[in-house]
J.: 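Dropping the structure in here first, questions after.
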Amino acid sequence: MRIGKVRLGGNLLLAPMAEVTNLAYRVVCRRRGASFAFTEMVNSEAILHGNRKSYQMASSCADEGIFGIQIFGNSPVSMAKAAGILENTKFPSIIDINAGCPSPRIRKTGAGSMLMEKPDVLENIVRCVVESVTVPVTVKIRVFRDVSQTVELASRLENAGASAITVHGRTATQQYSGLADHLYARRIKEELSIPVIANGDIRNGAFAAQLLEYTGCDGLMIGRAAMGDPDVFLRIETFLENGTEFPSADCDQRKNRLEEYLKLLESYGLEKNVNLAAHSAWFTRGLAGSRSFRKSIQNVKNSDGIISRMEVLCSES
Ligand SMILES: Cc1cc2nc3c(=O)[nH]c(=O)nc-3n(C[C@H](O)[C@H](O)[C@H](O)COP(=O)(O)O)c2cc1C
């Protein structure tokens with residue numbers, strides 16, 4: 001799959017997720033078949049104010065290979081400036097504009113999914129960001145209830161210079177309830193010439209294959225299914241290649257992934273930035289005994305302690 005001048009190794013992308021897709025997690029997913037990953041959303045105003053945490057969120061390293069930075073904001077001028085700074089200091093291959101975040105905290109600043117309600121502003125943001133950087137600019141949207149209104153917005157974004165659009169098939173009001181409706185992505189793909197990426201509720205190879213067929217989309221973006229289960233990318237990739245889905249990772253494999261993730265967090269100096277207990281708990285979702293594991297690590301502050309408790313969990317299962 002190509003986005004503008006950028007060739008991705010495949011068409012399975014890791015979704016940007018705040019407080020999830022830090023550098024270490026992106027690297028783990030890239031090693032397990034994710035073709036490309038975006039940083040969590042980075043506040044463009046904070047970049048202009050030199051905020052250290054936001055700069056760190058936008059950082060990558062050679063282990064990751066090519067990557068994208070997602071920015072959010074409400075002002076064409078600020079977002080364009082921030083994108084320019086990030087291009088020159090962090091060297092992303094793609095800049096993505098967040099036009100889908102449903103959080104009231106973000107919406108009340110006029111950013112995230114609020115931008116869809118001000119299409120002139122969103123269109124202007126895309127134009128200004130495209131003008132200020134040399135890398136392709138993509139946009140991640142949700143949907144309006146009305147399909148044709150959604151297609152019209154996507155078409156305006158393409159005309160403004162977007163190189164690809166990701167469509168999460170839920171309205172902002174839905175937040176994460178119900179199921180994503182991929183009819184929107186299908187209609188947008190029919191109308192636009194740039195790549196369209198479908199997003200929402202993709203958890204396995206069979207569904208991914210159906211979705212590619214149904215929407216005609218160029219790529220798929222996977223979010224929650226990858227939390228604690230980076231192997232989801234390899235499972236989907238294998239299914240798309242030969243129609244077989246290998247089983248989900250067992251307890252020992254998940255422990256190995258968690259160990260790999262915790263080591264990377266440490267080597268990138270990020271372990272203080274994440275809630276270790278919450279992140280570790282993702283890796284035991286659905287396993288027998290995961291509840292007591294979660295309880296047992298609440299006050300554990302180091303990786304070794306967490307891994308030894310996971311060893312106990314696996315030995316008991
Ligand atoms: C914890 C969490 C954080 C998220 N943060 C972002 C974000 O920073 N930027 C964004 O565009 N979407 C964000 N999303 C939305 C996801 O990128 C994705 O669109 C959504 O989860 C639907 O895909 P899924 O069903 O594969 O999870 C977030 C979702 C979750 C669950």
Side-chain angles (χ1 to χ4, degrees), residues 11-23 25-26 29 33-44 46-47 53-54 56-58 67-73 79 86 92 94-107 109 111-116 122 125-126 137-143 150 157 162 164-182 184-185 196-205 207-208 211-212 215 217 219-230 232-233 235-236 273-275 278-279 281-282 285:
N11 62 354
L12 301 176
L13 293 84
L14 173 65
M17 288 187 282
E19 299 186 9
V20 177
T21 54
N22 59 60
L23 171 60
Y25 207 69
R26 299 198 306 273
C29 289
S35 323
F36 193 80
F38 289 96
T39 64
E40 54 193 303
M41 59 180 185
V42 175
N43 184 338
S44 47
I47 291 299
K53 195 172 164 218
S54 299
Q56 191 174 42
M57 274 182 198
F67 76 109
I69 298 178
Q70 188 190 62
I71 54 173
F72 73 95
M79 290 183 78
L86 289 170
I94 294 177
I95 296 277
D96 186 64
I97 294 169
N98 181 322
C101 179
S103 147
R105 189 173 57 84
I106 301 295
R107 278 176 62 86
T109 68
S113 58
M114 190 54 108
L115 290 174
M116 290 181 62
L122 178 55
I125 286 173
V126 174
V137 175
T138 57
V139 189
K140 183 161 176 284
I141 61 171
R142 284 193 171 229
V143 299
T150 313
L157 301 178
I165 306 244
T166 303
V167 186
H168 175 193
R170 286 185 175 86
T171 63
T173 320
Q174 275 181 295
Q175 300 231 358
Y176 292 91
S177 66
L179 283 177
D181 183 346
H182 297 289
Y184 296 86
V196 179
I197 299 157
N199 167 239
D201 307 329
I202 303 165
R203 300 192 169 273
N204 59 56
F207 185 75
L211 193 55
L212 283 172
T215 59
C217 277
L220 302 176
M221 181 179 273
I222 295 154
R224 289 165 295 173
M227 288 169 68
D229 184 17
V232 69
F233 293 100
R235 289 202 303 278
I236 293 178
N273 297 9
V274 308
N275 179 335
H279 283 213
W282 305 334
R285 267 193 311 190

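Both ligands and their constituent atoms are indexed starting at 1 by order of listing. By convention here, the first residue in the shown sequence is residue 1.
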J.: Backbone, side chain, both or neither: what part of Lys140 comes under 4.0 angstrom of ligand 1, heavy atoms only?
T.: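 Under 4.0 Å from ligand 1, Lys140 contributes side-chain atoms alone.
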J.: Against heavy atoms of Ala15, which atoms of ligand 1 measure under 4.0 Å?
T.: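 Going through ligand 1 atom by atom, the ones under 4.0 Å from Ala15 are 17 (O).
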J.: Between ligand 1 and Ala18, is the shortest N or O to N or O distance under 3.5 Å?
T.: yes
J.: Starting from atom 29 (C) of ligand 1, which protein heavy atom do you reach first, and at what distance in Å?
T.: Tyr176 OH, 3.1 Å
J.: Which protein non-hydrogen atom lies closest to atom 7 (C) of ligand 1, naming both residue and atom, and how far is it?
T.: Pro16 O, 3.4 Å
J.: Can you tell me which residue and heavy atom of the protein come closest to atom 31 (C) of ligand 1, and the distance to 0.1 Å?
T.: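 Of every protein heavy atom, Arg224 CG, 3.5 Å lies nearest to atom 31 (C) of ligand 1.
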J.: Could you establish whether Gly100 and ligand 1 come within less than 4.0 Å of each other, counting only heavy atoms on the residue side?
T.: no
J.: So if I count the atoms of ligand 1 from 1 in the order they appear, which ones are less than 4.0 Å from some heavy atom of Asp201?
T.: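 Answer, ordered by atom number: 24 (P), 25 (O), 26 (O).
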J.: Quick check against the 3.5 Å criterion: does Glu40 have a side-chain atom that pairs as donor or acceptor with the backbone of Glu19?
T.: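 Checked: pair present.
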J.: What part of His168, side chain from CB on, backbone N/CA/C/O, both or neither, has a heavy atom under 4.0 Å from ligand 1?
T.: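 Just the side chain.
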J.: Taking both backbone and side-chain atoms of Met41, is any N or O found less than 3.5 Å from an N or O belonging to ligand 1?
T.: yes
J.: Counting heavy atoms only, which part of Met227 comes closer than 4.0 Å to ligand 1: side chain, backbone, both or neither?
T.: neither
J.: Measure across Leu211 and Ala198 and return the closest heavy-atom pair with its distance rounded to 0.1 Å.
T.: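 For Leu211 and Ala198, the tightest heavy-atom pair comes out as CD2-CB, 4.2 Å.
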J.: Any donor-acceptor pair under 3.5 Å linking the side chain of Thr138 with the backbone of Ile165?
T.: no
J.: Around atom 26 (O) of ligand 1, find the nearest protein heavy atom and jot down its residue, atom name and distance.
T.: Gly223 N, 2.8 Å
J.: Donor-acceptor pair, distance only, cut-off 3.5 Å: does the side chain of Tyr25 make one with the backbone of Gly228?
T.: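 Yes, because the side chain of Tyr25 sits within donor-acceptor range (under 3.5 Å) of the backbone of Gly228.
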J.: Is the side chain of Arg224 donor-acceptor paired with the backbone N or O of Arg203 at a distance under 3.5 Å, no angle test?
T.: no
J.: Do any nitrogen or oxygen atoms of Glu40 come within less than 3.5 Å of a nitrogen or oxygen of ligand 1?
T.: no
J.: Under 3.5 Å, is there a donor-acceptor pair between the side chain of Arg26 and the main chain of Leu14?
T.: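 Flag not set: sc Arg26 to bb Leu14 has no pair under 3.5 Å.
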J.: Using a 3.5 Å distance criterion without hydrogens, assess whether the side chain of Arg142 forms a donor-acceptor pair with backbone atoms of Thr171.
T.: yes
J.: Number the atoms of ligand 1 from 1 as they appear, then name those within less than 4.0 Å of a heavy atom of Gly200, with their elements.
T.: 23 (O), 25 (O)
J.: Could you check Asp229, Asn199, Ile236 and say which one makes a side-chain contact (heavy atoms from CB on, under 4.5 Å) with Ile222?
T.: Ile236
J.: Among all protein heavy atoms, pick out the one at the shortest distance from atom 19 (O) of ligand 1; state its residue, atom name and that distance to 0.1 Å.
T.: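 Ranked first by proximity to atom 19 (O) of ligand 1 is Asn199 OD1, 2.6 Å.
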J.: For the backbone of Gly200 and the side chain of Arg170, can you confirm whether one donor and one acceptor N or O come within less than 3.5 Å of each other?
T.: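 No, Arg170 side chain to Gly200 backbone: no donor-acceptor pair under 3.5 Å.
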J.: Look at the side chain of Ser35 and the backbone N and O of Asn11, then say whether any donor-acceptor pair between them is shorter than 3.5 Å.
T.: yes
J.: When you measure from atom 9 (N) of ligand 1 to every protein heavy atom, which one gives the shortest distance, and what is it?
T.: Gln70 OE1, 2.8 Å
